[in-house]
Amino acid sequence: MHFDTSKYLKYLRPNTLGSNLLYLEETTSTNDEVWKHIKDNNHIVVIAERQKEGRGRRNSTWHSFQEKSLTFSIGIELSKSIANHISFIVPLSICKAIRKNFQINVGVKWPNDIIVNNKKIAGVLIESKLHKSIQIYNIGIGINVNLNKDDLRSLDIKNITSILFETNRMVDREKLLSEILIFMDEYLLKSQDEIIELWLDNCVHLDMKVQFHKNNEIISGVFKSIDNNGNAIIDVDNKIKSFSSGVIEL
Ligand code: BTN
């Protein structure tokens, strides 16, 4: 079934994040659409059934399936104090919405992957630009919602999964999207300390040995925390190091 915008709007509280929704059958990337439309709005959510050039973090391609994925972007102005932890607010909102409806053990992997049973179920790509001296954030979210076993296999990507595959239940995409946005609206009001604490509670690799891939180097250490700037704090041979970018392998 196509995404039903009127059903979605019924789930949403009026005048909250997500009430300004643009639905498209096809686009290059919903992040591109946000950059086109944000100028006339102070926030916008763009959802598409098909992306021809879906992009992921670190120059990767993001694959989605028509009517089976949730593929959307949120364009929003953010103050500097919130901007530092938006990268944590977004995956936390996704986890909370998934957990509310499904009994699966969902958590976050630094910086903003959403993980179930060591497999990625959703990813977040955050872009930002200064527009008329206001910092605009463009938050692209891809969730593997109703992908079946064959869909997942066809992607040929290691360690990925979907909500359907994990639960054997079809997901109401309209309800899931509205709940993510409702939780995000709530988390945007929390302090940075509260968000960091929540993120650490949801982290699937806290105090665990991880391999950290940074440029061409592989660093092994124990993941200890995140700091106020969103850096990963890792204990490497009893020395505490902080990393602003890189990929964690569990
Ligand atoms: C990642 O690499 O984990 C981030 C994936 C982000 C994918 C989403 S799908 C909607 C939005 N549009 C894009 O082109 N990318 C993001």
Side-chain angles (χ1 to χ4, degrees), residues 3 5 8 17-18 21-38 43-76 86-95 97-98 106-116 118-129 136-147 151-152 155-163 171 173-174 176-178 180-181 184 199 202-205 212-214 230 232 245-250:
F3 189 86
T5 48
Y8 155 82
L17 183 64
L21 180 85
L22 173 65
Y23 167 81
L24 298 166
E25 285 283 328
E26 185 177 272
T27 177
T28 47
S29 152
T30 51
N31 277 47
D32 294 343
E33 297 293 337
V34 162
W35 290 133
K36 273 188 227 160
H37 296 281
I38 189 73
H43 95 256
I44 190 168
V45 176
V46 182
I47 176 162
E49 284 297 355
R50 294 186 299 280
Q51 288 193 127
K52 288 185 289 185
E53 292 164 29
R55 50 182 185 269
R57 287 173 55 233
R58 311 176 73 81
N59 295 325
S60 62
T61 304
W62 184 263
H63 302 276
S64 51
F65 287 73
Q66 182 170 347
E67 301 185 15
K68 294 182 175 182
S69 306
L70 256 183
T71 307
F72 63 103
S73 300
I74 305 162
I76 189 172
I86 189 67
S87 161
F88 300 134
I89 287 179
V90 176
L92 285 173
S93 315
I94 300 170
C95 281
I98 294 180
V106 59
V108 295
K109 181 179 133 202
W110 187 86
N112 47 30
D113 282 347
I114 296 90
I115 303 289
V116 175
N118 274 339
K119 289 172 281 180
K120 180 159 166 171
I121 209 159
V124 180
L125 169 74
I126 302 181
E127 300 170 339
S128 117
K129 265 188 202 169
I136 308 282
Y137 286 79
N138 185 344
I139 305 158
I141 301 171
I143 310 179
N144 297 335
V145 177
N146 289 322
L147 276 63
D151 300 328
L152 290 166
L155 289 176
D156 197 21
I157 303 173
K158 250 191 353 188
N159 299 333
I160 55 163
T161 190
S162 70
I163 305 179
V171 181
R173 293 188 303 156
E174 291 81 0
L176 184 65
L177 177 58
S178 65
I180 290 169
L181 294 165
M184 202 173 137
W199 191 90
N202 279 270
C203 176
V204 296
H205 50 72
F212 196 83
H213 296 241
K214 171 116 182 114
S245 66
V247 176
I248 284 188
E249 208 166 287
L250 302 178

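Just so you know, ligand 1 is whichever comes first in the structure, and atom 1 is the first atom listed for that ligand.
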Write out the residue and atom name of the closest protein heavy atom to atom 15 (N) of ligand 1, then the distance separating them to 0.1 Å.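 Minimum-distance protein heavy atom for atom 15 (N) of ligand 1 reads Arg55 O, 2.7 Å.
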
Side chains of Ile98 and Ile163: closer than 4.5 Å at any heavy-atom pair?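 Touching, per the 4.5 Å side-chain cut-off.
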
Determine whether Leu24 and Glu49 make a side-chain contact, defined as any pair of heavy atoms from C-beta on separated by less than 4.5 Å.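 A side-chain contact under 4.5 Å is absent here.
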
Would you call Arg55-Asp32 a salt bridge at under 4.0 Å N-O?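 Here Arg55 pairs with Asp32 in a salt bridge, since their nearest N and O are under 4.0 Å apart.
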
Side-chain donor/acceptor of Tyr8 to backbone N/O of Gly18, under 3.5 Å: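 Yes, Tyr8 side chain to Gly18 backbone: donor-acceptor pair under 3.5 Å.
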
Would you mind listing which atoms of ligand 1 come within a distance below 4.0 Å of any non-hydrogen atom of [X]?
X	value
Gly56	1 (C), 2 (O), 4 (C), 5 (C)
Ser73	11 (C)
Gly54	14 (O)
Thr71	9 (S), 10 (C)
Val124	3 (O), 4 (C)
Ser29	12 (N), 13 (C), 14 (O)

Counting both backbone and side chain atoms, is some N or O of [X] under 3.5 Å from an N or O of ligand 1?
X	answer
Trp62	no
Arg57	yes
Glu53	no

Ile141 side, atom CD1; Ile114 side, atom CD1 - distance, nearest 0.5 Å: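 Reported value, rounded in 0.5 Å steps: 7.5 Å.
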
With distance as the sole criterion, is a donor-acceptor pair present between the side chains of Ser29 and Glu53 under 3.5 Å?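 No.
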
Verify the distance criterion only: is there a donor paired with an acceptor across the side chains of Thr30 and Ser73 at less than 3.5 Å?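 Side chains of Thr30 and Ser73: pair found under 3.5 Å.
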
Evaluating non-hydrogen atoms only, which member of Thr30, Ile139, Thr27 is closest to atom 11 (C) of ligand 1?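 Among Thr30, Ile139, Thr27, the closest heavy atom to atom 11 (C) of ligand 1 comes from Thr30.
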
Between Phe88 and Trp110, does the ring centre distance come in under 6.0 Å?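 Between Phe88 and Trp110, the centre distance exceeds or equals 6.0 Å.
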
Could you tell me whether ligand 1 has any atom less than 4.0 Å away from a heavy atom of Lys120?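 Contact present.
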
Record the part of Asp32 in heavy-atom contact with ligand 1 below 4.0 Å; permitted values are side chain, backbone, both and neither.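 For Asp32, there is no contact with ligand 1 at all, from either part.
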
Examine the proximity of ligand 1 to Gln51 and report which part, side chain or backbone, both or neither, has a heavy atom under 4.0 Å away.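 It is the side chain that gets close, since no backbone atom is under 4.0 Å.
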
Which of parallel (below 30°), tilted (30 to 60°) and perpendicular (above 60°) describes His205 and Trp199?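 His205 vs Trp199 ring planes: perpendicular.
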
